[in-house]
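Report on the following structure.
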Amino acid sequence: MLKIKRRFMWYKQTLVCCLGVSVFNLILCLLSYFYLHGNVWSDGEAVTLLDLGLRTLSWGALAVYLHTRFFNSGEKMFPLLLRVWWGFYLAISCYCFAVDVFLHKKHGSLEIEWYLVSDVVSVFAGLFLCYVGFSRGDIQDVLEEPLLNGDSSSINNLETSDSRGGDAVTPFGNAGLFSILTFSWMNSLIASGNKKTLDLEDVPQLHGVDSVVGAFPAFKNKLESDCGRVTRFKLAKALFLLVWKEILWTALLALIHTLGSYVGPYLIDFFVQCLDGRGEFKNRGYILAFSFVAAKLAECLAQRHLLFRLQQIGTRLRAVTTTMIYNKSLTISCHSKQGHSSGEIINIMTIDANRIGRFSWYIHDPWLVILQVCLALLILYRNLGLGSVAGFVATVIVMSLNYPFGRLEERFQDKLMESKDKRMKTTTEILRNMRILKLQGWEMKFLSKILDLREIETRWLKKYLYTSVVITVVAWVTPTIVAVATFGTCMLIGVPLDSGKPNAIEKLPAGSSDTAIEIVDGNFSWDLSSPGATLKDINFKVFNGMKVAVCGTVGSGKSSLLSSILGELPKISGTLKLCGTKAYVAQSPWIQSGNIEENILFGEGMNRERYDKVLEACSLKKDLETLPFGDQTVIGERGINLSGGQKQRIQIARALYQDAQIYLFDDPFSAVDAHTGSHLFKEVLLGVLSSKTVIYVTHQVEFLSVADLILVMKDGRIAQAGKYDDILHSGSDFMILVGAHKAALSALDSRQAGPVSENEEKHSTDGIAHNEENKDSRIGKADEVAQPQAQLVQEEEREKGSVGFPIYWKYITTAYGGALVPFILLAQLLFQILQIGSTYWMAWATPASKDAKPVGTKLQLYYSTNCISAFFRAPMSFFDATPSGRILNRASTDQSALEMEIPNIVGELAIQAITLLGIIAVMSQVAWQVFIVSIPVIAACIWYQQYYIPSARELSRLIGVCNAPVIQNFAETISGATTIRSFDKESRFQELNMRLTDAYSRPRFHNSGAMQWLCFRMDMLSSITFAFCLLLLVSFPERINPAIAGLAVTYALGLHMAQFVLIYCFCHCENKLISVERILQYISIPAEPPLVIEANRPDHSWPSHGEVDIINLQVRYAPHMPLVLRGLACTFPGGKKTGIVGRTGSGKSTLIQALFRTVEPAAGRIMIDNIDISLIGLHDLRSRLSIIPQDPTMFEGTVRSNLDPLEEYTDEQIWEALDKCQLGDEVRKKEMKLDSSVIENGENWSMGQRQLACLGRVLLKKSKVLVLDEATASVDTATDNLIQQTLRQHFSDSTVITIAHRITSVLDSDMVLVLSHGLIEECDSPARLLENKSSSFSLLVAEYTVRSNTSFEISTGLN
C-alpha cells in the first residue's frame, strides 16, 4: 500500500529562515558585546544588547514551535497571529532601514553600518515570511515507497535490486534541520559503504519530486498546458516551472555565498589597520577575526547546500528530459524516424539530456557575475577611489574579448555533437548487424568507417578544446590584467597604495459495431512529401470473427497494409475505422531481453490456465523442456540464444496471451518448418482464434483456402478481393501465385516418384555410415549435456575496491609515454611561485600608512580507437551475451567523460595541490605556529576522505552500471515501437523506463549528497585552521609586518576553497577514472582468432572444389551453455547441392555459424578442400564463402554500397547482379538509380526486397561455397522459384548448402541432411530418403504435401 506523508511545502524554508535570523541576531549581539567590552555602557547601548538578545530568543523559540507543529502536519496555512506578526515585522524593518540609510549619509560610522546590515537581513526575511504566510498553501506528497512495483523486464538483476532497494526511502525526505544542514542524513549510507561493497539495493529510493515518478506528471502537465507544437521556449519554460521554487531557494543560497565571500575582502583593510595599531577600540581585532570566521562559515554552509541543491535540480531535469525523449520515441512515426536514427536519439538521451542536467550548475551565473563584478568594483572604489575605474574598463575589455571565443566554442560544440550523432548512429547499426559483418568478412571495412567518423569527431574536438584553452587562459590572465591596470593607474594619478502527432484511426468502443475494420478510399504513404502513395484506393470491410488473408508478390504492399491498420503508415486521405483491441505479430520477430515468461506475458498478470493453453497452441512446451531453465531462461538481446522459429512462436504466444479482439499476422509461418507451421495454423488461427478477427499476410498458398476474404496486393493496390474459389478464375494475379505453388508441388511429386541414380546411391551409403557413427556418439554426450548450466546474459561486470594505481599510471602515460606530465607540473609550479612572488612584491612595496596540446586529445584518440577496434575484433559470443546498451554506454557516456571531463579534472587536481601548498607556505611565513593546527587538520581531512571514498567509488560505479539498462531498454524500445504500440502497451514501457531512470538517479543523487557530506566537514576543518591563524595574528601583532599579515589573510580566505577543490578533484577524479577503467575492460576483451595467419594463408584459388568434411563436430555458445551440436560427422560433396532440414531448434543455423567460425567448436573440426578451417585466418575463410542469412540486412547508405560495400565491382557488374536477382527494374524506377538511398536497417525496402538484395551480393561475389540460411523465407513461392532457378544457373559448379523450411527449396538437392536435437538423424539423397516412407524426411515432405493439397476446413472438420 502506498504511504504518503502530507507536508506543508514551505515548512523547511520557513524553519531555516527563522533559525537563520536567530543566529544572525546572536552574532550581532556577541559582536556588540565585544565592541563595548571594557567601556562604560550607555543606556542606549544596553538597550541595543537587550534587544538583540530578545530577538535571538524569540526567533529561536519560533523555530522550535514550527518544528514541533508542522513537521508531520497536514495543515495548509500558518496561524493567523503568526502571519500578522510577520507583516508587522516587515513594516518595522522597512522603517528602520530607511532611518539608518538617512543616518549613514550624515555620520557613516561603523556602528550604523552594522545596523544597516541588520536592517537588510530583516527586510529580506520579512518579505520571505510574508510571501509564504499570505500565499496559498500547497501540500507536498512525500512518497514513502516507490509508486511502481518492479516487474520483470529487460534487466532482471536491476529490477530485483530496484525492488529490494525500494524498501527504504532516502533519509533526506524526513531529515531534521540539523541533519539537513550538516548532511548527517548520509551517515548511514557512507558507513554502510565503508563496511561492505555497496549494491543497488543498499541505495535508498528517492522521495517525492526527486523521483521521476513524482516529477514527470507535473512536468508533462506544464508542458501540455500551452497548446500547440512544443518549441524550445515552451520546453525551457516547463523545465523552469518544474523547479522554480528550488531555483529561488538556490538563488538565496547563491546570494548568501557571494555576500559571505566578499566580507573578507571588505574587512581586510580594517584588519591590517588594526594590526598596525590603529584600532578604534581595544578588542577590535578579535571582533574582526570573529567576523571573518562567521562570514566564512556562512559562505561555506551556503556553498555546500547551493551545490547540492543545484545537483538535485540537475538530476530531476535530466530524469524528466530522458523520460520525455523516451515517451516521444514510442510515438514517433516511421517517416519521422527516417530523419532521426536510433543512434541520434540515443545520443540525445545519453549526452544532451545529461548536459541539461549539468546546466543547473550554471543557472545563476548570469546575475551572479554582474553582482560579483559590482561588489568587487565597490570594494576597489572604497579603497582606491578613481583608480577602480581603470579596473572596471580592463574588466569590460577582457570580458568582451571572450565573447567571440565563446561564440566560436559554441559553433565547434555544435559540430562536435553532429559528428558524435553520426558516429553513434553508425555504431548502433553495426552492433545490430555484427553477425552479418563477420559472416561476410566486412568488419574491417566498417571499422575503418567508424574510425573515419571518429577522426572527423576528433578534429572538431581539438578545435573545441583549443578554443576552450584560449578562454581559460583569458580567464586566468584577467585578474592580473585588472590588477596591473588598477594599480598602474593609481600610481599614475597619484592615488596612495596604503595597506589596508495527428490520429489517423477512428477507434470505436469495443462491441459497438459488427465491423472490426473498415477502410474507405484509403491512400497511405510512408513519405508524405512523395508524389506517389504507397497504398492507393484501399477499400475493404472486415466483420467480427472473419479470417482475412493478404497475399501478393514481393514489394506489393502486404506489410504496408497491416501498418496502415496499426496507424504506423501515415494516411493521406480516406477513412479508417477500428473497433476492438488489437495484437500484432511482426514479420521480423521482436523479442525483449528478459526471460521467456516475461516475453509472453508482456506486462499482463499470470493466468496459468491461459498460459498453458497458449504454450500448447504455439508448440512451445517441448522447447521449454529442452531449455536449461524452462520458461525462466533469460533470452539474450534480440533473442540471440533462440532459433528463428522459436522467436517467432514466442512472438505469436505473446499476441495470443493478450486475448485481443483483432489479430494482425505479418507472415509469421515463414520462419518455421512445415509441420510446425501446419500445427500453428490449425491450433492458433483455426483453434484459439476461431472467434477472433484475424488478418494474416502469407506466402503459403495452402493457407488461403480457409480465409473468409482474400486480398491480392499488387503495386500498392488491392488487385483482387474475395473467397478462394471466387477469385481463382477472375484475374491473373492470383492465378500466378497459385500456378507457381502448383509448379513447386509437381516438382515434389516427380521427385517422390523418380529413380535413384548411381551418384545418389553413393552418397546414400556415405550418409548411412555417418549416421550410424553419429548415433553411437549420442551415448557418450549425454552426461556432457546434462550438466547444470548458467544463464547466457550475466550481470554487468564492475570492478570492486579502489581504482588502482595502474589505472592512473595507464591514463597519464598513454600520451607520449607520460613525457609531458613533468612539464605540465613544472608550468603550474612556476605559475604558483610567480603569483605568490608578485603578491609578496605588492605587499613589501606598499608602505605602512601613517594614519589609516592538448594531452587530453591524444589520450581520447588512443582509448576510443583501441576500444572500437577491440569490440570489432571481439568474438560473436561477446555480442550474444552483452546487451548493446552496455557497449553504447561505453561509446557515449564513458567516451564523453573521457573527452570532456577527465582531462580538466586531472589538470585541476595538479593545480589545486600546488595551490594548497602555496597557501600553507604563505601562512606559515607569517605565523609558523599554524602548522600546530594544520597538520592534525590535514590528517583529519585525509581520514574523512578515506572514510568517504569507498561509498563514493561504488556509487559512481553503480551510476555507470545503471545507465546501461536505460540505454538498452531505450534501443530495444525504438526497434520494437511498432509492436509495443500495436498492443497498446506504451504506458507499461513508460513506467518501466521511469523505474530504470529512478534506479539510475538514486546513486547519482546520493553520490552528490556524499560529496557535500565530505566537503562540509572539510570546510569546518579548514575554518579551524583559518580561525587559529587569525587568532595568532591578533594576539601577537607587534611581531608581524601588517602588509604581509594582510597578504596571509587574503590567501587564507581561499584556504577552504583550495582544500575543498583539491579533495573534490581527487574524489571526482577517482570516480571519473572509472570510465577509463570501464573502457579498459573492453580494450582487454579476448579477441577472435587472427583475421590473417601469414604462415597458413590458402591459395587464391581456394576453395577450388568446395568439399566440406565435418568431423565429430561439437558446438556450444558459451562454456556454461549446453551443447547445441553433439558430434556431427558427414561430408558435403564439392560442387553439389546439400539441403539441411529439421524441426525448429535442431541446430541447423548453429552448423552454419560453426562453418563461418562465428562460434568456435568445443570439439571436432571442419575441413574445406582438405584444409582445416581452424588453422587459417578468419578473413581468409569468410571472404571465400558466401551466405544469404536468415535475417535479410541492409545498411544505411545507397543501393551500390549495400551490394558492394568493399567497392570491388563496376556499375555494369552491379546492374547485372540486380537483374539476376529480380531487383533491376525496381531500382531503375528510382530517380537516383544505384545511388538511391537506403535508410537505417533498410526499412524503406520490403523484407522480400532485402532478401533479394542479399542474393545480389552473393551473385557478385560468386564464391565456390554458398550457404542459404532460410534465404527464401520472406518471399512468395513464385519469387522463390525464380531465386532457385537463378542459383541453379549461376552456381551450378559451386557447393550450395541450403537450410529451408520450405521443402520444395531442397528437393532438387543432391543430398539432404536431417538434424534433430543437434544430431544427424538422416543423411542421404532426397530420392532414397523418400523411398523410405518411415524416414523423417518423408514425414516432413508428407506433412508439407498434405498441408498444401488439402483444405484446412476439410482436414480439421471445421465449418
Side-chain angles (χ1 to χ4, degrees), residues 4-30 47-100 115-142 172-182 207-209 244-253 255-256 298 301-302 305 309:
I4 300 180
K5 285 195 175 182
R6 310 285 287 175
R7 177 171 296 171
F8 190 44
M9 185 166 287
W10 289 102
Y11 151 72
K12 285 186 180 179
Q13 291 88 333
T14 307
L15 181 62
V16 170
C17 180
C18 294
L19 192 62
V21 174
S22 177
V23 172
F24 177 75
N25 282 287
L26 175 62
I27 293 171
L28 283 182
C29 184
L30 293 174
V47 168
T48 299
L49 276 175
L50 180 62
D51 174 55
L52 291 171
L54 288 175
R55 287 189 190 187
T56 301
L57 293 174
S58 60
W59 285 104
L62 179 57
V64 173
Y65 165 75
L66 290 173
H67 179 69
T68 55
R69 176 77 180 269
F70 290 95
F71 181 62
N72 283 322
S73 172
E75 296 188 39
K76 296 186 178 181
M77 296 287 286
F78 290 111
L80 177 62
L81 183 62
L82 187 61
R83 288 182 282 143
V84 171
W85 178 39
W86 286 342
F88 181 71
Y89 172 74
L90 175 61
I92 294 296
S93 299
C94 291
Y95 171 75
C96 292
F97 177 69
V99 170
D100 288 332
Y115 289 153
L116 270 175
V117 173
S118 173
D119 293 338
V120 169
V121 172
S122 299
V123 168
F124 277 107
L127 284 170
F128 173 75
L129 293 172
C130 286
Y131 172 75
V132 301
F134 294 98
S135 63
R136 66 180 180 84
D138 289 332
I139 293 295
Q140 175 181 346
D141 293 341
V142 181
F172 175 74
N174 300 311
L177 181 62
F178 178 79
S179 179
I180 288 176
L181 287 175
T182 62
H207 85 294
V209 290
W244 71 270
K245 293 175 184 176
E246 289 78 7
I247 290 175
L248 290 181
W249 181 240
T250 52
L252 177 61
L253 290 172
L255 181 64
I256 294 171
L301 196 63
H305 286 276
R309 296 290 182 175

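What you see below is based on every heavy atom in this structure, not just the backbone, and it leaves out hydrogens, waters and symmetry mates. The first residue in the sequence is number 1, and the count goes up from there.
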Minimum heavy-atom distance His305-Ile180, with the two atoms named: CE1-O, 2.7 Å

Point-to-point distance, once rounded to the nearest 0.5 Å, from CG of Asp51 to CG of Asn25: 7.5 Å

Aromatic plane relationship, Trp59 with Tyr89 - under 30° parallel, 30 to 60° tilted, over 60° perpendicular: perpendicular

CZ-CG distance between Arg55 and Leu50, expressed to the nearest 0.5 angstrom: 11.5 Å

Nearest atoms (heavy-atom pairs only) where Gly87 meets Cys130: CA-SG, 3.7 Å

Reported CZ-to-CD1 distance for the pair Phe88 and Ile92, which is rounded to 0.5 angstrom: 4.0 Å

Shortest non-hydrogen separation from Cys18 to Leu62 and the atoms involved: SG-CD2, 3.6 Å

Distance (rounded to the nearest 0.5 Å) between Phe128 CZ and Trp86 CH2: 8.5 Å

Closest non-hydrogen atom pair, Thr56 against Ser22: O-OG, 2.8 Å

Atom pair CG/CG of Leu90 and Leu129 - distance to nearest 0.5 Å: 9.0 Å

pair Leu82-Trp85: side-chain heavy atoms closer than 4.5 Å: yes

Test item: Leu248 and Leu252 side chains (from C-beta on) under 4.5 Å apart, heavy atoms: no

